[in-house]
Amino acid sequence: MTVEELQNKLDWLINIRTSQETDIVLGAKNISDKFQELIMKLNEKYGNQVVILVDEYDKPILDFLDNEEKAKEAREILKSFYGVIKDSDKYIKYVFIS
């Protein structure tokens, strides 16, 4: 997987798979903002705090262990993406990252 494919996969998960399954329309442009918007809109739509489950959170970094520059890029993408979780604390009931 390339760094671009990582960004595209995250975008697909947020924009296409999750938001379409819940009929939520997202207006944000970058992936981190989309994730935060999705969390807030899920909370609003269902009237409950959101549960976030993430498996193999570090796999994109591990995939690039042989290329330090790409590993750092992947880490920055994931850092920005997962950083949204802390900022959205009031909308979240539970987070499990493994």
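From a predicted model like this one, the values you see are computed outputs, not experimental measurements.
Note: L38 CG to T18 OG1 = 6.0 Å, rounded to the nearest 0.5 Å. Atom CD of Q36 sits about 13.5 Å away from atom NZ of K86, to the nearest 0.5 Å. For the atom pair D58 CG and D63 CG, the distance stands at 9.5 Å (nearest 0.5 Å).
I16 and F81 are assigned to two separate hydrophobic clusters, defined by single-linkage of ILVMFWY side chains at heavy-atom distances under 4.5 Å. Note on Y91: it clusters hydrophobically with Y46, by side-chain heavy-atom contacts below 4.5 Å among ILVMFWY residues. L13 and I39 are assigned to two separate hydrophobic clusters, defined by single-linkage of ILVMFWY side chains at heavy-atom distances under 4.5 Å. Cluster membership for I97 and I31, using ILVMFWY side-chain heavy atoms within less than 4.5 angstrom, is shared.
Across every non-hydrogen atom of L26 and K34, the tightest pair is CD1-O, 4.0 Å. When all heavy atoms of N43 and V50 are compared, the closest pair comes out as N-CG2, 3.9 Å.
Within a 6.0 Å sphere centred on NZ of K72, heavy atoms belonging to other residues, nucleotides or ligands number 12 at most.
Ring geometry for Y82 versus Y57: interplanar angle over 60°, hence perpendicular rather than tilted (30 to 60°).
In this structure K9 satisfies the side chain to side chain donor-acceptor pair (under 3.5 Å) test with no other residue, sequence neighbours excluded. Every residue two or more places apart in sequence or in another chain was checked for a ring-ring contact (aromatic ring centres under 6.0 Å, His included) with F64, and none qualifies.
In this structure, the side chain of N30 engages the main chain of D33 through a donor-acceptor pair within 3.5 Å. Side-chain N or O atoms of K41 include one that pairs as donor or acceptor with a backbone N or O of V25 at under 3.5 Å. Checking side-chain atoms of Q7 against main-chain N and O of I77 turns up no donor-acceptor pair under 3.5 Å.
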